[in-house]
Every structure is written in C-alpha cells, then in structure tokens.
**Q** 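Quick one: the structure is below, questions incoming.
Computed from heavy atoms alone, side chains included, the values below leave out hydrogens, waters and symmetry copies. Numbered from 1 within each chain, the chains take letters A, B, ... in sequence-line order.
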Amino acid sequence: MNKPLSPSPSNFIRTIIDGDLESGKHKTIVTRFPPEPNGYLHIGHAKSICLNFGLARDYGGRCHLRFDDTNPTRDYEDYMESIKEDVRWLGFDWGEHLYYASDYFDQLYEFAIELIKQGKAYVCSLTQDEIREYRGTLTEPGRESPYRNRSVEENLDLFERMRKGEFADGEHVLRAKIDMASPNVVMRDPILYRIRHVSHPRTGDKWCIYPMYDFTHCLSDALEGITHSICTLEFENNRPLYEWILEQVFPEPHPQQIEFARLNLNYTVMSKRKLLRLVESGVVNGWDDPRLPTISGLRRRGYTPEAIRDFAERIGVAKANSVVDYALLEHCLRDDLNERAERTMAVLRPLKVVITNYPEGQVEYLEGVNNPQDPAAGTRQIPFTREIYIEREDFEEDPPKKFFRLAPGREVRLRFAYFIKCTDVIKDEMGNIIEVHCTYDPETKGGSAPDGRKVKGTIHWVSAEHSLPAEVRVYDHLFTTEDPNEGELLENINPNSLEIITDARVEPRMRSAKPFDRFQFERLGYFCVDPDTTEDRLVFNRTVPLRDTWAKVQKS
RNA sequence: UGGGGUGUAGCCAAGUCGGUAAGGCACAGGACUUUGACUCCUGCAUUCCCUGGUUCGAGUCCAGGCACCCCAGCCA
C-alpha cells in the first residue's frame, strides 16, 4: 500500500502527479489557472482554481495566474481586476506569478519563424470560407491548400510583412503544416496566426498579427515551466496539437496537458454566454446578483470561501461528464456557517403578541447565546417587552397534527425568555388575525420551568419596541428546471426566485451590522448583510435556509 | 465503415499487482434538543452499461456490442 502523498481525496490527476514525482520526471510541480479575461468567474472556475492552486499547495509547488489575452477584440482589462479579486477571495495567492499570454508575443513570433524555417508552417492566402471548405468534414479528409508548398523564403517574407501590417485582416494566416487528412480535424493544418488590425490593451499597436489559442497556450505553459497543464474535456482533441507544437520547437521536458470534466450544477447555468444573457436581459440585477453562480454573486449571497473550497474538494475530479446536486453546495455552506455564524433573532413576517400580564413599559434584558457551537462567541443582552413580534407561521388558530408551536390555549417557550400561553386571538373585521394575546409565567425566566414542566415548542421573537425594521431578500433557485440548458433559457426562469420582504424585524444589535456580515437568524437560516444597506435601511440576503424537517412533515 | 472521450446507488465519486464494492450528498427511521437546527446512531449497489470469454476468483484482463459527451471559429 502506497502512502498517499497528499491529504486530499484521490483522483486521477493526483495519481499522475504521484507517478511523475516518484519516477523523478519532476522534482516539483507547477500548475496554472489561465482565464480569458472576458467574463466573470463562476463556481465552475472555482473548481479549476481550487484544483490548480490546491495541487500546488499540497505538493509544495506553485500555481501561476495567467491571463489568456491572445485575442484583443474583447474588453479584457475590465475583467482582470474582478478575476484577481475573486481568486484572492477564494483564498489563493499566485505570489509573483502573475502572467499574461501577451507577454510572450515576441517569443511566440520567434517560435513561429522557427517553425517556418523548419518547413512546418506556411502562410496561407485562402479566404476564410475557402479554408473551411478545404478543411473537409468530420468524415471526409480535407484538401491541401494551394499555398501549402510556398518556399521557406517566401513564407518568411510574407509572415514578416503580415507582422508589418502590409495586409488587411483576413488576407493571410499562418498555418502549421501537419496533415490535411488527419481524422482529427484539429490537426488539419491549424491556423497559428491571424491578422487583426486592432490594438491590444497591453501591447497597444505593436502587433497586428495575433497568435491563436493552440499556438499560445502550449508555449506559454512551456515558457513558464508548467509541469501539469490542467484543462477541461473539450480540449482533449487539441492535445495532439499541443504536443506537436512543443515537439517542433521546445526542448524537453514538456508540460503535460491533462483534461478533467468541468463542473455542472443543477438548477443553474454555467456558460459565459448564458450568464451574460441573464445579466443583459435584466432577469437578474448584474453579475453579482445573489442568484447567480458567479463568484461575486455567491459572495454577495453570503457564501464563504471555505464552503466553496470544501465543495470543490467533495465533488472530486474525474473525466465523466456529471451534474452535481446543488444541495451539496448548500450542505457545505451550512456546515461552515453553523460553526462560525453568530445567532440572532429576526422575524420575517411579524405577528404582534401582547403579553397581557407583563407590566406595561417594563424592559428586561435577557441573555442570549451568540453561538452554541462556539462558546468564545459569548452572549448578548436581548430586550424583552410586553409587546413582541413572533413569526406569523409560528401561530396557528387551528393547529394541524404535530404542530407544536403557538395556538390557542397552548404554551410555548420564547427562546431565551419565558413560557407564554395563548389566551386570545384578535382579528380584524375581515377575519384576519392581527394580534395574539398571551400570558407569561414569570417563573420561567431564561426559558426553563422550576417545576420541571416541558413545552414542545420554542419560537423566536423580537421586542416590538426595540427591534429594527429590515428588508430581507429571500432567494430560491433561479430556474424551475433541473437542467435549464434544455429548452429556451428564459422560459425556465423561476418567477419566485426573489421575494423581497420589506417589513421584517431584527434584534437591535443589528444596528452595527456591516455589509457582508453573516448571521444565523435562529430557526430560519443564514443571512448576510447586503451592500445595499445604508444608515437608515438594513438589507439582508437569505444565504440559505436551515434544514426544515417540519416543512417536510407538512408536505407529506 | 471519421476521430477523441466517458459509463460504479437518486446525485457526485474511490476502487493500487484480478482476492470478494470506500466516502460524501440526498432520502428514510430513531436518539438528543431552550433553534423541528446542530450532533449521534441505523438503513440505503448480492453488484459495477450490456453480452460473451479467460480465471479457483473479474468493477478490474480479453472480445464484441450499446448509450452519452466533444471536434468541421481567422473563439478559448
């Protein structure tokens, strides 16, 4: 039995690395996370980030952050900051190793010339349509370009003039000379460089020819000394090209490309295109909408980096396409928050309770435990008064079976406070319950009865006078279907994915809450302070509800 | 009659030289409980896509099928 070289769960990539380390192929490992800065990072990227940086951490190697900015037609710079912020927030550090593919443009150009000199690349002057036509189909081989046998000198000259800007976009491309009959379409003389008279956010107008992904990526990896270049499954077909290019121009050892299955989660979408569509159509409010699986959305929703890292670890790494249950993500979150979130009481849908035998104007401060999982979190004083609010759903005039909250004649415990018994139900002329009258037992202060009598239910409450008003945003899945990729995207939107409650009440201690602070509202769930919060308006997001066995009982 | 991948429970996923199916989530019971939370117990694949074969023994090896995913951007 081999001793595992790392603490994390076994997966095929670790097996490969263990082998490379044991065989002496590598002394240390170097990985990289190479986003194209053209969108916001999402939980799928988090899987890759945790994988790459996690591997580097566990094996004592390093992980580079490299922006893949080879195609300057997009608005790169805007996204770079958010990507760096998200990686940092997730808890990873690239140290000095921040790179840009565009940093290698000079070297890449030299490698291209080397390929030409070897007679393994040529300038092709077919039009875009012609190139497609010559490429053949999946089942039929392609045909060789009539420009395929240009002399090295002519290719060198043409490529140089391409670089100098003598040609218009699309007039020529540089292609690798491989095999137009290859069953792998990627190998049918792939394009290495194209002409684009566009300035690049980092290199300005220095270049009007830009390298393609396949040419850039393998060489960037090699230049940085990457040992294991981990990417997603769709690049499997590109691996022969990745290796081919390095074999022609780069000395060994070469980085090894390894593909794994990207993350899919049910009830949400992960593609940049679809995310963009949701944002642009206004279905959600920006990239950091708490209903989105973007890192910024999850952060605003109240997710912790620890929970996301734990999730990334639990889902594993494999090559089989799969769809992970959203419930696992939520489980990881609750697991983390349960340990760290301070508890507080909040009433989302207030129902006034008047404790008729409690002295008017009296205020008592009762002690509440801040976190039963963590004694160091201490206690707080909670004001108790004659009039309080309780959750509307904690009272039933005609209680169903197994309901052990408040009902006429029933006694319950107010958390950290007293036992109260319902004596009257006050209704308006429409028959709606507007108030409940109770009596309290002064002997039960703190929540326990000296006579040893028990109550089945404990409910949360808040002082009517002292509590603060708050807005609470309650979220549900953005989509009603498990796989929103099926069918028309916008037709599967859950109309109830956001419920805004404007008249919630929270404990007075929340006056000092700051954006992104996280709490457990007892018996309800975990909530965090939204940055929309202002001096006179508290806004909370429901991060995730507590598990609710009672809700399940009711359904059945 | 193109090529490259992948199939282990409802969902992820481990499974080393073939030695008698880890773990997590979900779910279902029960215990505990001043959160119907947490925690703790218990249950949850006689079988690994199918069919044959090799073997004392197959999820692991061999052969043949089947299903699903990816590839024909001057995107990545």
**Q** Taking atom types as they are modelled, is there a donor-acceptor pair under 3.5 Å from the base of B/G4 to the side chain of A/Arg239?
**A** no
**Q** Please classify B/G4 as syn or anti, treating any glycosidic angle within 90° of 0 as syn.
**A** anti
**Q** Any base atoms under 4.0 Å from A/Pro141, or only sugar-phosphate, or nothing? Heavy atoms, all strands.
**A** nothing
**Q** Contact class for A/Tyr193 (heavy atom, under 4.0 Å): base, sugar-phosphate, or nothing?
**A** nothing
**Q** Taking any heavy-atom pair under 4.0 Å as a contact, classify A/Arg188: base, sugar-phosphate, or nothing.
**A** nothing
**Q** If you look at every strand shown and take non-hydrogen atoms under 4.0 Å, does A/Thr549 touch a base, only sugar-phosphate, or nothing?
**A** sugar-phosphate
**Q** Counting the atoms with a prime plus P, OP1 and OP2 as sugar-phosphate, which does A/Leu126 contact under 4.0 Å by heavy atoms, base, sugar-phosphate, or nothing?
**A** base
**Q** Would you say the ring centroid of A/Tyr242 lies under 6.0 angstrom from that of A/Phe235?
**A** no
**Q** Look at all strands and tell whether A/Arg413 reaches a base, only sugar-phosphate, or nothing, counting heavy atoms closer than 4.0 Å.
**A** base
**Q** Counting any heavy atom closer than 4.0 Å, what does A/Met212 reach on the DNA or RNA strands: base, sugar-phosphate only, or nothing?
**A** sugar-phosphate
**Q** Considering every strand and a 4.0 Å limit on heavy-atom distances, what is the contact class for A/Arg334: base, sugar-phosphate, or nothing?
**A** nothing
**Q** Just checking A/Arg135: base, sugar-phosphate only, or nothing, at a heavy-atom cut-off of under 4.0 Å?
**A** sugar-phosphate
**Q** State yes or no: are the ring centers of A/Tyr210 and A/Phe215 separated by less than 6.0 Å?
**A** no
**Q** Before giving the answer on ring pair (Phe, Tyr, Trp, His ring centres under 6.0 Å), spell out for A/Tyr418 and A/Phe384 the whole-Å C-alpha distance, their side-chain angles and the decisive distance to 0.1 Å.
**A** CA-CA 10 Å; A/Tyr418 294 97; A/Phe384 183 78; 5.3 Å; yes
**Q** Give one of base, sugar-phosphate or nothing for A/Asp214, where a contact means two heavy atoms less than 4.0 Å apart.
**A** nothing
**Q** Rounding to an integer number of Å, can you tell me how far A/Asn338 CG sits from B/A37 C1'?
**A** 7 Å
**Q** Would you indicate what A/Thr344 reaches in the nucleic acid, counting non-hydrogen atoms under 4.0 angstrom: base, sugar-phosphate, or nothing?
**A** nothing
**Q** Starting at the 5' end of RNA chain B and moving along, which residue's nearest nucleotide shows up first, A/Ile195 or A/Leu233?
**A** A/Leu233
**Q** Has the side chain of A/Asn237 got a donor or acceptor atom sitting under 3.5 Å from an opposite partner on the base of B/G5?
**A** no
**Q** Roughly how many Å is it from NZ in A/Lys552 to P in B/G30, rounded to a whole number?
**A** 14 Å
**Q** Are the aromatic rings of A/Phe540 and A/Phe521 close, with centres under 6.0 Å apart?
**A** yes
**Q** Within 45 degrees of the ring normal and closer than 6.0 Å to the centroid, is that where the cationic atom of A/Arg66 sits relative to A/Tyr99?
**A** no
**Q** May I ask you to say what A/Tyr210 touches in the nucleic acid, namely base, sugar-phosphate or nothing, with a heavy-atom cut-off under 4.0 Å?
**A** nothing
